[in-house]
Amino acid sequence: MAIRKLNKVGLLTLFLSLLTLAGNGQSFRVQCPATTTLHPTPAPLGANPDGGQIKCQQVSGGDGYATMADGTQTYLFAFGPLSGLNDLASGLPGTQQRSIFMTPFDPAAAPGTAASNGAVGVVPDADGQVDPGTGFSLCAGANPPASCFTGHVDPRQIMDVGVMNGNIPAPMMAIDEDDEFFLTLTNVGMIMRPDLFEQHTIHFHGYPNASSFYDGVPDASVAIDIGGSMTYYYLAPDAGTYFFHCHITPPEHLQMGMVGQLYVRPRQNRVPVGGSLFTGLANQQVDLRTKSDCTADVLCTTPLPPSNTATRAATGNYAYNDGDGSTHYDVEYPIQIHGFDPNFHFVGMTFNPEAFADMKDKYFLLNGRSYPDTINATGYQDGSLAGGNSPFVGAPAVSNAIYTQDADGVQRPSQPLNAVINIPHGGKALLRISDLDVTEFQTLASLGIPMQVIALNARLLRDEAGNNMYYTTNSITLGGGESLDVLLDATNVPVGTYYLYTPQLDHLSNDAENFGGLMTEVHVN
Ligand SMILES: [Cu+2]
């Protein structure tokens with residue numbers, strides 16, 4: 001361990017030297033505009049008169065380490081957080097509104113403040129805004145105005161936080177329908193594999209994209225080289241549970257860990273409390289951005305249900321624009337299913353040829369962890385940045401999930417999410433389940449609490465006549481590249497601890513260790 005850390009430092013020095021030679025000091029840039037054609041009014045926090053908002057996020061593409069539940073350290077190719085760090089460490093999506101995103105990140109900032117979730121490396125543009133009277137820059141002195149923060153970043157800060165800071169799952173993203181999302185990917189290189197000049201991309205799988213240019217498929221678009229960054233742009237037309245991954249040599253970069261969670265919340269959440277959900281959904285037919293004609297339009301959105309009187313609940317949210325309240329939930333939990341083949345990860349670290357067709361997963365992961373780490377604490381080991389907003393406060397503090405020290409000296413979690421599901425007694429939980437496993441189908445069973453499947457691959461299960469086609473089951477099976485939404489209804493379920501686990505018994509192990517794998521707890525409180 002000590003020797004490997006020394007190696008990391010040595011390689012880091014070499015790598016930063018190379019980068020200094022290659023770059024001119026402003027290689028990276030993040031884009032997060034205050035206004036756009038779709039959103040011409042600068043948004044106050046929490047609301048936007050134009051509908052939807054401008055949201056932004058910044059991630060690194062590089063490498064890192066995760067620790068399996070049996071203690072084995074596993075090398076990753078991975079995305080890491082470069083904004084929303086406090087929210088991500090608290091188990092929340094890292095996506096931020098612009099005013100928070102453009103606040104320079106401060107690792108010492110109090111949890112929940114803008115500076116704890118701002119973009120890493122954001123600095124004032126010293127060349128911008130010259131005072132016509134004096135000829136000096138208004139942005140060069142102390143306390144520059146907010147208008148000086150236009151997306152210029154200091155590459156040193158990006159490298160200090162981004163290098164060796166890969167996460168599994170990748171930083172979580174969540175936006176609302178009608179948002180515009182600006183997502184910057186910076187390729188910080190893979191410090192354990194300086195011989196590799198791997199590009200990375202971000203591919204929003206199955207997503208209604210603004211343009212194929214932003215689809216992340218390198219053959220049909222662009223890929224990001226080491227030392228480069230690009231801002232992807234997305235609209236958010238259709239609510240649902242999606243996911244994303246790197247699209248460079250997919251079996252390799254997915255197996256190595258470049259897989260993340262992504263969901264879009266429905267505009268139905270913005271119906272005023274007590275307002276008609278049916279009318280809310282019917283209104284999409286008079287809005288040219290959302291109008292749908294299922295007989296003529298490939299972008300056929302959810303058909304109206306039979307007329308009903310459901311109204312917007314005072315609490316909770318909705319998974320989809322259902323028009324009848326049937327996707328209402330009290331708490332939501334994104335659950336990513338994944339698998340690791342330790343041999344493939346070992347040769348990925350050690351300059352050996354990789355036998356793609358021999359891949360065989362031996363670790364089975366829920367949110368990047370195997371049981372019992374699936375129920376251990378979320379966020380930072382010492383709880384320093386977990387904050388009061390962590391949905392997992394009270395979970396056991398001890399975890400094998402690794403915390404990697406970055407070049408700025410701060411320990412950051414590589415596996416920030418646990419997979420504990422807490423449901424208030426009588427309430428409903430929405431599980432946003434996605435599977436990015438490369439080699440295995442995965443089955444998840446629920447003991448004692450029925451699973452109601454309401455959507456598959458980000459589509460509400462509803463026929464064109466408006467009938468809900470939901471079904472209730474005690475197990476679901478997903479292949480890699482599929483997602484589904486499940487409601488766990490605890491209405492008639494006694495308080496207690498229940499299990500979500502795989503009945504594929506060989507997947508209930510951590511490599512050579514029995515009792516582990518694809519399992520987590522559901523707490524009805
Ligand atoms: Cu990649």
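Along the sequence shown, residues carry numbers from 1. Atoms within a ligand are numbered from 1 in the order they appear, just like the ligands themselves.
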- Message: Quick check on ring pair (Phe, Tyr, Trp, His ring centres under 6.0 Å): which of F340, Y75, Y363 does H345 satisfy it with?
- Response: F340
- Message: Let me confirm one number: the CZ-CG distance from R432 to L430, rounded to the nearest 0.5 Å.
- Response: 5.0 Å
- Message: Restricting to distances shorter than 2.8 Å, give the number of protein N, O or S atoms close to the Cu ion (ligand 1).
- Response: 4
- Message: I'd like to know whether the aromatic ring centres of F244 and F79 sit less than 6.0 Å apart in this structure.
- Response: yes
- Query: Does the gap between the ring centers of F213 and Y232 come in under 6.0 Å?
  - Reply: no
- Does the side chain of M172 come within less than 4.5 Å of L417's, by heavy atoms? yes
- Ring geometry between H200 and F77 (parallel below 30°, tilted from 30 to 60°, perpendicular above 60°): perpendicular
